[in-house]
2 protein chains.
Amino acid sequence: MNRPKPKLSRIAETLGVSVATVSNALSGKGRVSPELVERIRATAAELGYVPSVAGRALRTGRSGVLGLVLPNIANPLFPQIAQAIEHAAAGAGYGVLIANSRGEISTQTEAIGRLIERGVDGIVIVPRRGTRIVEAGCPIAVIDSPSTPGNTVSADHWEGGRRMGAHLRELGHRNVLLIGNNTTSNVQSDRIGGLKAGLGPNAATETLWIERLEAAGGAGCPLGLVEKVRGGVTAIATLSDLTALRALTELQGAGISVPDTVSVTGFDDLIWSSVVTPRLTTMRMDMGSIAEIAVTALVDAIEGDRRGNGGEETSGPVSAPISKVPMELVIRQSTGVAGVGSLKAKNRTEGELAS
Amino acid sequence: MNRPKPKLSRIAETLGVSVATVSNALSGKGRVSPELVERIRATAAELGYVPSVAGRALRTGRSGVLGLVLPNIANPLFPQIAQAIEHAAAGAGYGVLIANSRGEISTQTEAIGRLIERGVDGIVIVPRRGTRIVEAGCPIAVIDSPSTPGNTVSADHWEGGRRMGAHLRELGHRNVLLIGNNTTSNVQSDRIGGLKAGLGPNAATETLWIERLEAAGGAGCPLGLVEKVRGGVTAIATLSDLTALRALTELQGAGISVPDTVSVTGFDDLIWSSVVTPRLTTMRMDMGSIAEIAVTALVDAIEGDRRGNGGEETSGPVSAPISKVPMELVIRQSTGVAGVGSLKAKNRTEGELAS
DNA sequence: TTAGGCAGATTAAACGATTAATCACCTTCA
DNA sequence: TGAAGGTGATTAATCGTTTAATCTGCCTAA
């Protein structure tokens, strides 16, 4: 059991051929007779040969590693993104190096720098809202929103919003409260725009921004939803499942029934959306497709550098053939027909504990 | 602006010295006169020199990259872990390559293999429950539970449970429902054990396992908490915030007040715990310390290979001086004194309940 | 005076893979 | 018979860094 990491030269001397031939056989590039290729493959497998990434990287100038920069690694959406990117990258033969930018814009630049120093071939980045990445010294795939300049691919947030709005309209909701986090996010503006379009011109909407509310009331302060419901709101459409959850518990804690009295919707289909009671109606992103498109575009740019355009190094955002990926409406239990259990009917319905 | 990636030799010829001297000066290893070191440092900075990871890796045999394997990348705890590990690794000068094992045991082995092929110097792994990692061809830091053999470091889940139990006992709870996911997790057994110890011998406890419940009732099925509360349970201690959330909404949806009628506790302090109403009392892990200890132990093993024990390569789980990190009790609004708003009191005010 | 020692540099050999250039040999056709 | 062409393999250079070994003066002590 004394095999100190077999290298090309070991295979070569085992078979009595040159390293170059072994390399050619394994990569299928040079001219090697079919039967020799077969023998080389066999002994390589037998010896458990694993090419040295370092050696290859040094020679070819490419590391086979992609960087992944996320705006806020603690974001509950992160697992989905990371998993999807990792999977897509692995499929294309790339590894994924992570870096977080902790929401700070300076840290984001620094994180990119660290990745470059580590020799990544390309970077997938979900930019901090309001940031625009232009240059970085290597190809970049930007996942933000279709309305962001330089965006490579993302979910079709506007259309997602529109369909969610339509869903509520079809249920008869005409007085809807919209809740977002902050006004500067392109993703959130897209969703809001779509939501309003889907609800149609006959619906009355009001928009609440949590960031503003908390600036006054402190983090985690009540959103004052009970008053809104008393004021006639029959549906609350949030721009994130986290907010939906916050709304849901605030309402339930006040004894307001969801969805009988008021419907609640979210966005993103986060992990808990399907375990809470009532299970959350939400709009899911197809992270798999998004990741696949982003990684493919990136890899094309990386490998195109070597082949096609002689020496013209891509450096900056790449573009993909498809840049908007449809979202999927997941109808569960938190939305219902408007007016079923209006606040007046509340006492009667709540009495039936066993229902 | 024509700087095609300055390398050592460029600095060398700019100053008219040899590459070796430059290398020595920059690494502080050989013998170089202080003033020359200074000059070399200066021109290196001026030229914007960045060492080639590939070249260094090839020569030293070390890549400066750590692998991170997670049992289920979709786990809501993942962001915290990934962020902490990435931060600790960056502090030690290492990058982090991610790999997910999608919960499958075979995928976990395969993920480890891919990391090794990419030349990682060490691996941090949160093993799938029930798995035991013995060998992998490089140093490994295992983050599981103190009662797992081969564990490197983890939170003190038992003590965390004990303190949570004590908290409930002090509030007067003597009839407590425990909810876990599955019986095979060491982490969960530790927490349950501690919980029972903390509640003391005078408390009656019953344990619910979600995995079993769902095997019969389907994923996301009701946990039947209302009946338990009717049966006299005054507190529900869950082994995860996700479960706590599930319990909380199930109770609230049925019109049961938390914490007046029943207290609910979680574990892990996940992102939403502080935004739901009532905010969740939970037990937080110090992921920062855990990650720091894991990475330090790993780096010691990696760099010790080269120096101390000549040629004796560490390969497999490493151990750390401190292996149990205290958890922090976060008391918020979901726990209260037992018996404040018992179901009987509730019945009297709100009228009789059906069935 | 000279051997020894040391500081401060240089030389040169790796590390493992890729690849352009070259070579030896065999066919084939003029 | 000999030149051209093709096939299958080899040679050798190269990627950028590290590091053991070596070299060159110069200072000191015997």
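First the proteins, then the strands, lettered A, B, ... as listed; each starts at 1.
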Subject >> Residue A:T60, side-chain atoms from C-beta onward, closest of C:dC15, D:dT18, C:dT18 >> reply: C:dT18
Original post:
Given C:dG8, C:dA17, C:dT10, which nucleotide is nearest the side-chain atoms of B:A20?
Top reply: C:dT10
**OP:** Would you mind reading off the distance between A:E35 atom CD and D:dG8 atom P, rounded to a whole angstrom?
**Re:** 9 Å
Subject >> Nearest-Å distance for atom pair CZ/P, residues B:R31 and D:dG25 >> reply: 16 Å
Subject >> Atom-pair distance (CG on A:L58; P on D:dT18), nearest Å >> reply: 12 Å
**OP:** Please work out if B:S18 contacts a base, only the sugar-phosphate, or nothing of the nucleic acid, heavy-atom cut-off 4.0 Å.
**Re:** base
Original post:
In terms of the nearest nucleotide of DNA chain D, which residue is placed more toward the 5' end: B:S27 or A:G16?
Top reply: A:G16
Subject >> Side-chain donor-acceptor contact under 3.5 Å, B:T109 with B:S106 >> reply: no
**OP:** Rounded to the nearest angstrom, tell me the gap between atom CZ in A:R59 and atom C1' in D:dT17.
**Re:** 16 Å
Original post:
Using a cut-off of less than 4.0 Å, is there contact between a side-chain N or O of B:K29 and OP1 or OP2 of D:dT19?
Top reply: yes
Subject >> Donor-acceptor side-chain pairing of B:N186 and B:T148 below 3.5 angstrom >> reply: yes
Original post:
Do the side-chain N or O atoms of B:S52 get closer than 4.0 angstrom to the phosphate oxygens (OP1, OP2) of D:dG16?
Top reply: no
Subject >> Pair B:S63, B:D121: side-chain N/O donor-acceptor within cut-off below 3.5 Å >> reply: yes
Original post:
Within this structure, what is the CG-to-P distance between A:L8 and D:dT10, rounded to whole angstrom?
Top reply: 13 Å
**OP:** Let me know the distance between CZ of B:R56 and P of D:dT18, rounded to the nearest Å.
**Re:** 5 Å
Original post:
Taking atom C1' of D:dT19 as reference, at what distance in whole Å does atom CG of B:N24 sit?
Top reply: 8 Å
Original post:
Can you check whether B:Q83's main-chain N or O pairs, donor with acceptor, with A:N100's side chain at less than 3.5 Å?
Top reply: no
Subject >> Phosphate-side-chain proximity, B:T21 and C:dG8, N/O vs OP1/OP2 below 4.0 Å >> reply: no
Original post:
B:Y49 OH to D:dG16 P: how many Å, rounded?
Top reply: 10 Å
**OP:** Supply the atom-to-atom distance A:Q80 CD to A:M285 CE, rounded to the nearest 0.5 angstrom.
**Re:** 7.5 Å
